[in-house]
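Notes follow the structure.
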Protein chains: 2
Amino acid sequence: MMATTRELFARHNLRCTAQRRALYENLAESRSHPTAEELFLTVKPSTTRLSLATVYNTLEALCKAGLARKLPTSNGSCRYDADTSEHLHVCFRESNEIQDVPSELGSKLIEHLPRSVIAEIELKLGVQVDGLNIQLLARPSPPRG
Amino acid sequence: MMATTRELFARHNLRCTAQRRALYENLAESRSHPTAEELFLTVKPSTTRLSLATVYNTLEALCKAGLARKLPTSNGSCRYDADTSEHLHVCFRESNEIQDVPSELGSKLIEHLPRSVIAEIELKLGVQVDGLNIQLLARPSPPRG
DNA sequence: GTACGTGCAAAATGTTTGCATCATT
DNA sequence: AATGATGCAAACATTTTGCACGTAC
């Protein structure tokens, strides 16, 4: 069953404001991993009051609550993803846009990662690994002749 | 045999200036994947003339030539690595610092990635994958009792 | 009613740019 | 000599902050 955004927020101790709801729902439906500004521009027209600062505040709150992930890019601005499951991303080198690798493809790769090696890394480096960020750096394929 | 920086630059059509040499050699010896500013502060004292703009210009030139990699982080600033071989990174969530996973550990993981899956992703998504960025998101281990 | 979220504007941070000068090839 | 690199300062882009007001609980 699909929970309402209100319920989802309540479960994570997030106040349900009109702005947060609009931002989260738009992010969750988006396929494009928008930047804060892109999300702002998309959501703003249909929301009574919305400022860019609120977008940043909300995205940080969502990430802290585990309802979103922040994806670093090479050009300064970060992108956001409401899908917090482990999955691969394709990053386009010129545009710094990010695309999901469909899970039926990506999971073949993720499932091959030996957990024992990660445990070994944790031990040897003295760290606790609690997330994974796998990006395939790519360019669009040239048209075929 | 180890090539001199001058020879290395010549091979990549990079002019060998005092600033570039100092920056590259410091980056290559560094273990910390410094930001542009960190590198600037490290190299500046021992270099006659050096500006932050030159650091950015040089790092971009090195990346374009394939002698360095730019590593995105979640806090806006990027970090740089003169080791362009495929290897894993550990990213610390609080500090956004980046550490190498020693290759004898990381290669166990990288070698497990099935190249056929990447080829499949390229085909299905219409992209050319020409690099990989694998980050283990981590926190320092708490001291053990 | 209280604690927290919001908008606005300003500030902080990180990176890029334009241009005159200088160094490498 | 010519091409390209440098320094400086200003511009730019992204994100964060402070504070008065507003809203959810």
Side-chain angles (χ1 to χ4, degrees), chain A residues 4-24 33-41 43-45 47-65 67-68 70-80 94-98, chain B residues 4-24 33-41 43-45 47-65 67-68 70-80 94-98:
Chain A
T4 64
T5 301
R6 164 165 245 97
E7 288 164 349
L8 189 62
F9 281 7
R11 225 178 300 143
H12 288 85
N13 291 310
L14 290 176
R15 284 202 182 178
C16 187
T17 67
Q19 291 88 344
R20 285 184 171 187
R21 249 189 72 178
L23 289 167
Y24 177 73
H33 308 311
T35 62
E37 173 134 40
E38 285 167 0
L39 191 59
F40 173 67
L41 292 174
V43 173
K44 169 111 177 154
T47 307
T48 42
R49 285 164 70 67
L50 182 64
S51 77
L52 189 52
T54 294
V55 177
Y56 280 104
N57 288 338
T58 296
L59 287 170
E60 197 197 327
L62 290 173
C63 288
K64 200 171 292 181
L67 294 180
K70 190 176 184 179
L71 308 175
T73 80
S74 289
N75 77 341
S77 62
C78 285
R79 292 182 169 274
Y80 293 86
E94 311 88 343
S95 67
N96 280 287
E97 286 168 334
I98 296 180
Chain B
T4 64
T5 301
R6 165 164 244 98
E7 289 164 347
L8 189 62
F9 282 6
R11 226 178 300 144
H12 289 85
N13 291 310
L14 291 175
R15 281 203 183 177
C16 187
T17 67
Q19 291 88 344
R20 284 184 172 187
R21 249 190 69 178
L23 289 168
Y24 176 73
H33 307 312
T35 62
E37 173 134 39
E38 286 168 0
L39 190 60
F40 173 66
L41 292 174
V43 173
K44 169 112 176 153
T47 307
T48 42
R49 284 165 69 68
L50 182 65
S51 77
L52 189 52
T54 294
V55 178
Y56 281 105
N57 288 338
T58 296
L59 288 170
E60 198 197 326
L62 291 174
C63 289
K64 199 171 293 183
L67 294 180
K70 190 176 185 178
L71 309 174
T73 80
S74 290
N75 77 341
S77 64
C78 287
R79 293 182 168 274
Y80 293 87
E94 310 88 344
S95 67
N96 279 288
E97 285 167 335
I98 296 180

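In the text below, chain A, chain B and the rest are named by the order of the sequence lines, each starting its count at 1.
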Sequence neighbours left out, cut at 3.5 Å: what donor-acceptor pairs do the side chains of residues 11-19 of chain A make with other protein atoms?
residue : atom : partner : partner atom : Å
A/H12   : ND1  : A/L8    : O            : 3.0
A/T17   : OG1  : A/R20   : N            : 3.2
A/Q19   : NE2  : A/R49   : O            : 3.0

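Put simply, the side chain of A/K70 gets close to the backbone of B/S74: a donor and an acceptor are under 3.5 Å apart.
Rounded to whole Å, atom P of D/dT23 lies 18 Å from atom CZ of A/F9. If you measure from atom CZ of B/R49 to atom P of D/dA9, you get 11 Å, rounded to the nearest angstrom.
The minimum heavy-atom distance linking A/V43 with A/T47 is given by the pair O-OG1, 3.0 Å. B/P72 and B/C78 get closest at one heavy-atom pair: CA-SG, 4.0 Å.
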Just the atom pairs and distances: protein N or O near nucleotides 14-19 of chain D's N or O, under 3.5 Å.
residue : atom : partner : partner atom : Å
D/dT15  : OP1  : A/C78   : N            : 2.9
D/dT15  : OP2  : A/Y56   : OH           : 2.3
D/dT15  : O5'  : A/Y56   : OH           : 3.2

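Checked against side-chain contact (heavy atoms from CB on, under 4.5 Å), B/F40 has the following partners two or more places apart in sequence or in another chain: B/K44, B/L50, B/L52, B/V55. Every salt bridge (Lys or Arg N to Asp or Glu O under 4.0 Å) that A/E38 has, sequence neighbours left out, goes to A/R79. With sequence neighbours excluded, the residues that form a side-chain contact (heavy atoms from CB on, under 4.5 Å) with B/A53 are B/S51. When the side-chain hydrogen bond (donor to acceptor under 3.5 Å, both in side chains) test is applied to B/T5, the partners found at least two apart in sequence or on another chain are B/E25. Residues satisfying the ring-ring contact (aromatic ring centres under 6.0 Å, His included) criterion with A/Y24, sequence neighbours excluded, are A/F9. Partners of A/L41 under the side-chain contact (heavy atoms from CB on, under 4.5 Å) rule, at least two apart in sequence or in another chain, are A/E37. Scanning for side-chain contact (heavy atoms from CB on, under 4.5 Å) contacts around B/K64 gives B/E60, with sequence neighbours left out.
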What do the steps show when you test B/Y80 against B/H33 for side-chain contact (heavy atoms from CB on, under 4.5 Å), and what is the final call? CA-CA 5 Å; B/Y80 293 87; B/H33 307 312; over 6 Å; no
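Note on the helix from C/dG1-D/dC25 to C/dT25-D/dA1: angle between the axes of the first and last five pairs equals 50°, rounded to 10 degrees.
Of the residues in residues 13-22 of chain A, A/R15, A/C16 come within less than 4.0 Å of DNA chain D through at least one heavy atom, sorted by number.
In the 5' to 3' direction, nucleotides of DNA chain C lying under 4.0 Å from heavy atoms of chain A begin and end at C/dA3 to C/dC8.
For the atom pair A/T35 OG1 and A/L59 CG, the distance stands at 9.5 Å (nearest 0.5 Å).
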